[in-house]
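First the proteins, then the strands, lettered A, B, ... as listed; each starts at 1. Values below: every heavy atom of this structure, side chains too, minus hydrogens, waters and symmetry copies.
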2 protein chains.
Amino acid sequence: MASQTEENYLKSLFNLANPQGEVNISDLANQMQVSMPTVNSMVKTLQKSGWLIYEKYKPVTLTSKGQKEAALIIRKHRLTEMFLVNKMGFGWEEVHEIAEQIEHIHAPKLFERMDEMMGFPTIDPHGSPIPDKQGRIQEINYLSLSKIKAGQTVILAALANSSTEFLEFLNSRNLSLGTELHILSKEAYDHSIVVSYLNHPGETLSEKVCEKLLVQILDI
Amino acid sequence: MASQTEENYLKSLFNLANPQGEVNISDLANQMQVSMPTVNSMVKTLQKSGWLIYEKYKPVTLTSKGQKEAALIIRKHRLTEMFLVNKMGFGWEEVHEIAEQIEHIHAPKLFERMDEMMGFPTIDPHGSPIPDKQGRIQEINYLSLSKIKAGQTVILAALANSSTEFLEFLNSRNLSLGTELHILSKEAYDHSIVVSYLNHPGETLSEKVCEKLLVQILDI
DNA sequence: CAATTATGTTAGATGAATCTAACAATATAC
DNA sequence: GTATATTGTTAGATTCATCTAACATAATTG
C-alpha cells in the first residue's frame with residue numbers, strides 16, 4: 001500500500017503525464033514543491049514497488065498498476081468534492097483542500113456510500129470526470145471557450161483550472177456549470193470575448209479566463 | 001500543530017488519564033502499541049510543545065492546552081461517527097475505523113457542517129458525549145447494568161466499550177441505545193442477569209456484558 | 001560543434017517515529 | 001529491609017521523506 005506521500009506523487013505523475021505518459025523529474029519536483037534529489041530518490045522507491053518505470057536521465061512513466069492506483073485516488077478526491085457540494089452544501093471553491101485530505105482515507109465503503117447517495121455521478125463539481133471503480137477514466141473532449149467563434153451558443157461544461165481564485169472570479173460573475181453563453185464578439189487584439197448569459201447582457205472575459213472555460217457547442 | 005502521530009498520543013493520554021490526570025509510560029506504550037523508549041522520546045517531544053508535563057520516572061499529565069487539543073480531536077471523531085450513522089446509513093459497528101482516520105482532517109468547516117446537519121448532537125452512536133467547540137466535555141454518570149437490582153426498569157444509554165465484536169453481539173441480540181430493559185433476575189453465582197425487552201421475553205446477559213452496558217434508571 | 005543552460009544524479013546530512021539491548025530507579029513482597 | 005519484579009531511561013540503529021552542495025548528462029543556441 002502506498003504511503004500518503006507516495007499517493008501524492010502518483011496523483012501528480014498522473015496529472016503531469018504527456019500524451020506518451022512521460023513526466024520530467026523537474027516538473028514533478030515543481031508540482032510537488034520538493035527538490036529534484038527528493039524526487040530522484042522517490043521515483044526509485046516508486047519503481048521498486050512497481051508503480052512506475054524509471055531509467056537514469058529519462059522521463060518516468062507510470063505502469064498500468066500505477067495509473068490505476070492514481071485514478072482511484074483521483075476518484076476518491078472527486079467523489080468527495082461532489083459529496084461536499086451536493087450533500088453538505090459547500091461551494092465549489094471550498095472543497096478542493098478538504099478533498100485533498102479525504103482522498104487518502106482508506107475506507108472503500110465510505111466512498112461507495114457517497115457514490116450511492118449521489119446516484120453515481122460521472123463528473124465532479126468542476127466538470128472533471130470521476131474515474132470508475134476500476135480506475136478507468138472517461139475522457140471527454142470539451143472545447144476551450146477561446147476557440148469558439150462569435151455568434152455561437154455554448155454551455156459551460158467544465159473548467160481547465162479549479163483554483164480557489166478562479167472559482168471565486170466565476171462566482172462573482174454568476175458563472176456556473178450548465179450556464180448557456182452567447183458569444184457576442186471576439187476582440188482580435190487581446191482575444192477577449194464578450195458574452196451574454198442569464199441577466200448579464202454583455203460580460204467581457206479575458207483570454208486567460210476563456211482558455212480555462214470548457215464548453216459544449218449547443219446545436220439547436 | 002500536532003502531527004497525526006502526536007494527535008494519537010494526545011487522544012490516548014486523554015483516555016488513559018486517572019482521576020488525577022496521570023498516565024504511566026507503560027500504559028501509554030501498551031495503548032499505542034509501541035515500545036516504552038518510543039513513548040519516552042515522544043513525551044519529551046510533547047512536553048517541548050507544551051502538551052504535557054513530564055518529569056523523569058513520574059507519570060505524565062496533559063496540560064490544559066493538551067487536554068483541550070485531545071478533546072477537540074475526540075470531538076471530530078465522535079461527530080464523524082454520528083454523521084456516518086445518521087446521515088450515511090452506516091451501522092454503529094462500522095464507524096470507528098473510519099472516524100479514526102477522519103478525526104485527523106484539518107477542516108473546521110467540515111465538522112461544523114456535520115454538526116449543523118445533525119442538529120448539534122451531544123452524544124455519539126455509542127452514547128459517549130461529544131466535546132463542545134471549546135473542548136469541554138459534559139460528564140454523564142450512567143450506571144453499569146451490573147449494578148442494578150432485579151425488578152428495576154432501565155434505558156440503555158451508552159456503552160463502556162465499543163469494540164466491533166461487542167457491537168456485533170448487541171446487534172445479534174437486538175440491543176440498541178434507548179432500549180427499555182426490565183431486569184427480571186440476577187444470578188448470585190456468576191452475576192449474570194436475565195432481562196426482557198421488545199420481543200425478547202427473557203435474555204440472559206453475562207456479567208462481562210452487563211458491565212459494559214451503561215443505563216439510566218427509569219423512574220415512573 | 002563548442003559553449004552555455006537546463007535537467008538529472010550522487011553523496012551526505014537532518015528530523016520524525018520507530019526499534020532493540022543494556023542499564024537505572026522505583027515498587028512489591030517475602 | 002534486602003531481593004525481586006516492575007517500570008522507566010539511555011544509547012545507538014533504522015526507515016522515510018526531506019534537504020544542500022557538488023557533480024554529470026542532455027539539450028539549446030550562437
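A donor-acceptor pair shorter than 3.5 Å can be found between the side chains of Asn8(B) and His104(B). Of the N and O atoms on the side chains of Ser163(B) and Asn161(B), at least one donor lies less than 3.5 Å from an acceptor on the other residue. Residues Glu81(B) and His126(B) have side chains that bring a donor and an acceptor to within less than 3.5 angstrom of each other.
Distance OG1/Thr61(B) to CD/Gln67(B): 9.0 Å, rounded to 0.5 Å. Taking CG of Leu62(A) as the start and CG of Leu13(A) as the end, the distance is 5.0 Å to the nearest 0.5 Å.
In terms of phosphate contacts, Lys56(B) brings a side-chain nitrogen or oxygen within less than 4.0 Å of OP1 or OP2 of dT10(D). The phosphate of dT9(C) has OP1 or OP2 within less than 4.0 Å of a side-chain N or O from Asn40(A). For the OP1/OP2 pair of dT10(C) and a distance below 4.0 Å, the side-chain nitrogens and oxygens of Lys44(A) include at least one atom meeting the criterion.
Ion pairing between a basic and an acidic side chain is recognised when a charged N comes within 4.0 Å of a carboxylate O; Lys186(A) and Glu207(A) show no such pairing. Classification of Glu211(B) and Lys147(B) as a salt-bridged pair fails, no side-chain N sitting under 4.0 Å from a carboxylate O.
The stretch residues 19-31 of chain A touches DNA chain C through Asn24(A), Ile25(A), Ser26(A), each having a heavy atom within less than 4.0 Å of the strand.
Screening residues 36-92 of chain A for ring pair (Phe, Tyr, Trp, His ring centres under 6.0 Å), with sequence neighbours left out, gives His77(A)-His96(A).
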Query raised in the report: Using a cut-off of 4.0 Å between protein heavy atoms and nucleotide atoms, how would you tag nucleotides 13-24 of chain C 5' to 3' with B, S and -?
Result: ----SBBBB---
